[in-house]
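Working notes for the structure below.
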Amino acid sequence: MNLPYIYNTYNVKKIMFFVLIASIPAILTECYFFGLVILIQTFLFVMFSLLFEIIILKIRKKNIKNNLLDNSSILTGVLLSLSVPSTLTWWMIMFSSFFAIIVAKHLYGGLGQNIFNPAMIGYAALLISFPLYMSSWHKENTNFFSLNDLKISINSIFFQTSKSDLFLKNYPDSFTEATPLNNTKNKSRIFYNIDSLYTKLKNKKQNNFSSWNYINVSFLLGGVFLLYKKIICWRIPFSFLFALVIFSIFDYFFLTNFIFSPFLHLFSGGTMMCAFFIATDPVTTSYSNIGKIVFGLIIGFLVYVLRIYSDYPDGVAFSVLFGNMLVPLIDDCLKSSGYGRKKT
């Protein structure tokens with residue numbers, strides 16, 4: 001986000017509100033493809049985020065009303081819910097919210113003083129602790145907005161030890177569908193003929209491949225809205241996407257055993273969410289314009305590297321967190337003064 005530019009236009013509460021508005025297309029799209037469980041999951045993430053916010057503010061003897069009304073905890077909960085699979089139980093959601101609000105935000109001093117993106121800390125805590133659940137996506141939901149869909153969603157989150165068991169029982173053919181990134185990566189590792197893979201994907205019209213395309217487009221629409229309202233500046237999302245496309249083009253034409261096409265990179269996983277909703281966090285990015293571009297390029301390169309060479313098919317969370325760590329170094333190397341400070 002471009003705080004200096006909008007300093008006299010929006011306060012923190014309004015900034016968070018506009019970002020929440022921009023996330024509505026993504027919420028509706030995920031609901032369409034994965035069912036009402038997305039709404040329940042979002043409600044729980046927001047509820048636990050607010051609960052932990054109240055508890056820690058009480059402990060720190062801060063003004064609870066003013067801090068809750070800035071909408072930052074609500075936004076953290078919404079972004080977390082949109083970044084995780086719909087296979088989490090309520091206590092995993094609580095676990096993730098604890099790390100996002102207590103550890104990532106308030107242990108560093110609260111809003112404006114955290115060095116890591118809270119939502120990505122909550123996501124990384126889940127990814128490290130529950131890798132099976134974080135890599136399990138089910139196929140397109142065919143019972144969306146039905147009573148049966150609501151019943152299954154409530155039971156799986158609140159009354160089942162594992163949502164996986166319930167989906168496995170009710171929808172054995174639609175359980176643990178690999179994401180396009182995961183699917184392509186696993187097959188490229190065993191020297192799978194990538195041309196035949198894309199031919200199969202095209203011919204079969206796999207639901208998850210289409211759903212991820214639409215989800216990323218919905219985040220892109222939200223990002224365009226944020227750019228239009230001048231809530232975020234173009235430097236981070238464009239430099240991030242530019243780096244990802246450049247390296248994926250190189251990958252596509254020269255590294256025949258590890259092929260992720262530029263289109264697959266752009267419209268799969270958390271690419272567009274990272275570009276417009278995560279990497280643009282005003283607190284954890286560089287202050288200067290050049291620093292924002294460098295920050296975006298670094299994240300784009302790291303996402304490419306992690307997707308190709310690590311065991312994580314997406315790589316967005318760790319790329320953002322590593323980029324957050326480099327922000328002070330970026331500002332120092334560029335000798336940027338930061339808003340309101342003199343150059344040294």
Side-chain angles (χ1 to χ4, degrees), residues 1-3 5-7 9-34 36-54 56-57 64-84 86 88 93-94 96-97 99-101 104-106 110-112 114 116-123 214-234 236-237 270-285 316-317 320:
M1 296 182 187
N2 191 8
L3 275 182
Y5 185 84
I6 60 178
Y7 180 76
T9 307
Y10 303 119
N11 56 28
V12 173
K13 180 181 178 181
K14 190 162 285 187
I15 292 171
M16 300 297 172
F17 175 75
F18 277 124
V19 179
L20 286 170
I21 294 295
S23 67
I24 289 177
I27 295 174
L28 296 178
T29 306
E30 289 204 13
C31 280
Y32 176 80
F33 285 109
F34 301 119
L36 289 172
V37 67
I38 297 297
L39 290 180
I40 299 174
Q41 195 167 261
T42 302
F43 172 77
L44 288 178
F45 266 115
V46 171
M47 188 192 72
F48 281 124
S49 295
L50 290 174
L51 178 63
F52 285 125
E53 183 83 34
I54 292 173
I56 194 65
L57 288 173
I64 295 177
K65 182 180 178 182
N66 289 343
N67 284 277
L68 284 183
L69 291 179
D70 64 16
N71 294 328
S72 62
S73 298
I74 298 176
L75 179 60
T76 299
V78 170
L79 293 180
L80 263 173
S81 71
L82 293 176
S83 61
V84 300
S86 57
L88 303 182
I93 295 173
M94 183 175 68
S96 176
S97 301
F99 272 88
I101 300 298
K105 184 177 177 181
H106 280 282
L111 182 65
N114 52 293
F116 295 108
N117 187 297
M120 289 298 96
I121 287 289
Y123 180 92
Y214 287 117
I215 290 170
N216 272 273
V217 168
S218 66
F219 278 114
L220 176 61
L221 292 175
V224 171
F225 170 75
L226 293 177
L227 288 172
Y228 172 75
K229 298 297 291 184
K230 295 183 172 59
I231 299 295
I232 63 174
C233 70
W234 58 269
I236 292 177
T271 300
M272 292 299 171
M273 182 181 184
C274 176
F276 295 99
F277 289 81
I278 301 296
T280 51
D281 176 18
V283 180
T284 56
T285 59
V316 164
V320 171

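These numbers come from a predicted model, not from an experiment. Just so it is clear, the values below take in all heavy atoms, side chains as well, and ignore hydrogens, waters and symmetry mates.
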Nearest heavy-atom pair of [X] and [Y]: which atoms, and what distance?
X	Y	result
Pro25	Ile21	CD-O, 3.8 Å
Thr280	Ala275	CG2-O, 3.5 Å
Leu57	Asn67	CD1-CB, 3.4 Å
Asn216	Gly270	OD1-C, 4.4 Å
Ser49	Ser73	CB-O, 3.6 Å
Phe276	Leu227	CE2-CD1, 4.0 Å

Output the distance between atom [atom1] ([X]) and atom [atom2] ([Y]), rounded to the nearest 0.5 Å.
X	Y	atom1	atom2	answer
Phe34	Leu39	CZ	CG	13.5 Å
Thr285	Asn117	OG1	CG	10.0 Å
Ser72	Asp281	OG	CG	10.0 Å
Leu69	Asn71	CG	CG	7.5 Å
Thr29	Ile215	OG1	CD1	7.0 Å
Leu68	Glu53	CG	CD	6.0 Å

Parallel, tilted or perpendicular for Phe219 and Phe277, by the 30°/60° rule? perpendicular
Under a 3.5 Å threshold, yes or no: a donor from one side chain and an acceptor from the other, between Thr76 and Lys105? no
Stepwise side chain to side chain contact (heavy atoms under 4.5 Å, CB included) check, Met272 with Val217: CA-CA 8 Å; Met272 292 299 171; Val217 168; over 6 Å; no
Between Ser23 and Leu20 (side chain of the first, backbone of the second, donor and acceptor by atom type, cut-off under 3.5 Å), is there such a pair? yes
Check: Ser86 side chain, Ile38 main-chain N or O, donor-acceptor pair, under 3.5 Å: no
Within-4.5 Å side-chain heavy-atom neighbours: [X] and [Y]:
X	Y	value
Met16	Ile74	no
Ser96	Tyr123	no
Thr284	Met120	no

